[in-house]
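Take a look at the structure below.
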Amino acid sequence: MSQDHDHLHLPEHPDFLWRNPEPKSSYDAVIVGGGGHGLATAYFLAKNHGMTNIAVLEKGWLAGGNMARNTTIIRSNYLWDESAAIYEHALKLWEVLPEELEYDFLFSQRGVMNLAHTLGDVRESMRRVGANKLNGVDAEWLEPDQVKELCPILNVSDNIRYPVMGATYQPRAGIAKHDHVAWAFARKCDELGVDIIQNCEVTGFLKDGNRVVGVKTNRGTINTEKVGLAAAGHSSVLAEMAGFRLPIQSHPLQALVSELHEPVHPTVVMSNHVHVYVSQAHKGELVMGAGVDSYNGYGQRGSFHVIEEQMAAAVELFPIFARAHVLRTWGGIVDTTMDASPIVGTTPVENMFVNCGWGTGGFKGTPAAGLTFAHTIATGAPHKLNEPFSLERFETGALIDEHGAAAVAH
Amino acid sequence: MLLISCPNCGPRDETEFHYGGQAHVAYPEDPNALNDREWAEYLFYRDNTKGAYAERWVHSTGCRQWFNMLRDTVSYEIQAVYPMGSQAPTTTAQAPEGASK
């Protein structure tokens, strides 16, 4: 387990990494959404499929949505074969991407612990460890004393409301610097000839019958042969413009950071049951994620009681956090599905493709979302990794229920 | 934290309530007549409106009664509270006084 908390060796802020071109009148493909997934998709379209006459349209600034708001946790310890395959592929890509993109985004494989607090948790966690091992995902079960050894600041005594009864542990999991990930992809996209167009909001689609042929934006109309939607919380809004529905509900999801502290937290700790997940960023902030707000919301903020519950859980698990101060809190809009699994595939509109439904866990999936979505857009058919994650599964009933492993209640 | 005017109990904190999702989704009259697509629509597809949204809430730790609410999903402003079984108001009228019923 690496413990590269060294805040003295952060990279300098970079110079300009990409051009800011005017949109052309036509592209071979247009990706809507300039977050991590949109940029990764454009990168793999250019690199794996030779499609370089493409554009990424971003209504705000690059990677300013959920890519700027997540808690940067990367892991692949999902229960079902389909999920393990796509998330483990993502993890393998995370391991090689810094070199491939020639950009160190500080991927730190410091491990992720998922705590168990009830007998039900223990059984479910052990089952998941077994399933992970069968799928080639590194996973182990830790007893409370082993939990304490790996993360000494965790309170594993049995006199708290929900004692720690053990944990699953994935050593290869960890965190990365999310902004740097976006910049790494953006820089490579730009080098490969992709146009990244910020402040470009999609206002409608041009269709010829049931085939999409263009995109209307606040910066003019762009003709295109193919459209890929990668807009997370706003996927339903875009789908409605295009004339179809998605089985998505958008919810606020909140997170917060403390002020900077000396390194105290060597790994990543997540708890489904008391609902908090905590790591310490490279700079030293404690980064904590909450649960989703129950109501639908597009406001990029949630209710305070959600944060209060999350903090109560964090302080019980980590007594030394009691005197840490909150520096700031924020919210993103997550696109949740009924089975807590993403949708990557074709849509009822010809030549329009959708990557959405990653809900509360999209960051870790970024490289695999990009790889499989690019394949789907380029070839018109899904990659074997995203084939199970089709929109059609809600009709066939072949759902992939990952509520247990998704770590945040949907 | 939302301040929700329960039609029976008056204004209370959001933590006393549970969310019930989109309002006015009727159970299919003849479920056996539905094809897979239609059944999927009923089970898994709900509106995901950006703007005024009709939704159900239940006052779990109060009167335990369900009611409907029209709420803006961007500003989170509650525009109307109205009883189960009645139509969603079309205006953005003032929410009724909590204990007026």
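Worth knowing before you read on, the calculation uses all heavy atoms, side chains too, and leaves out hydrogens, waters and symmetry mates. A, B, ... follow the sequence lines: proteins, then strands. Residue 1 opens every chain.
- Proximity to chain B is absent for every atom of A/Ile333, based on heavy atoms less than 4.5 angstrom apart.
- We find that B/Lys50 and A/Glu240 are not joined by a salt bridge, their nearest charged nitrogen and carboxylate oxygen being 4.0 Å or further apart.
- Ranked by non-hydrogen atom pairs under 4.5 Å with chain A, the options B/Asp13, B/Asn48, B/Asp36 are led by B/Asn48.
- Taking every heavy atom of both residues into account, B/Asp47 and A/Gln249 meet most closely at O-NE2, 3.0 Å.
- Here the CE-CZ distance, from A/Met338 to B/Arg46, works out to 5.5 Å after rounding to the nearest 0.5 Å.
- Between atom OG of residue A/Ser236 and atom OH of residue B/Tyr45 there is a gap of 10.5 Å, rounded to the nearest 0.5 Å.
- Within the 4.5 angstrom heavy-atom criterion, atoms from both the backbone and the side chain of B/Phe44 approach chain A.
- Cation-pi check for A/Arg301 over B/Tyr76 is met; the charged atom lies under 6.0 angstrom from the ring centroid and within 45 degrees of its normal.
- The distance from atom NE2 of B/His18 to atom OH of A/Tyr295, rounded to the nearest 0.5 Å, is 14.0 Å.
- For B/Asp72, no part lies near chain A; criterion is any non-hydrogen pair under 4.5 Å.
- The choice from B/Glu41, B/Glu55, B/Glu38 that makes the most heavy-atom pairs within less than 4.5 Å of chain A is B/Glu41.
- For the residue pair B/Thr73 / A/Asn296, no side-chain donor-acceptor distance below 3.5 Å is found, with atom types taken as modelled.
- For the pair B/Val74 and A/Tyr298, the tightest heavy-atom approach, listed with the atom from each and the gap, is CG2-CB, 4.1 Å.
- Separating the CE atom in B/Met1 from the OG atom in A/Ser303 is a distance of 7.0 Å, to the nearest 0.5 Å.
- Residue with the most contacts toward chain B among A/Gly299, A/Ser235, A/Ala239: A/Gly299 (heavy-atom pairs, distance under 4.5 Å).
- For the atom pair CD (B/Glu14) and CZ (A/Phe304), the distance works out to 13.0 Å, reported to the nearest 0.5 Å.
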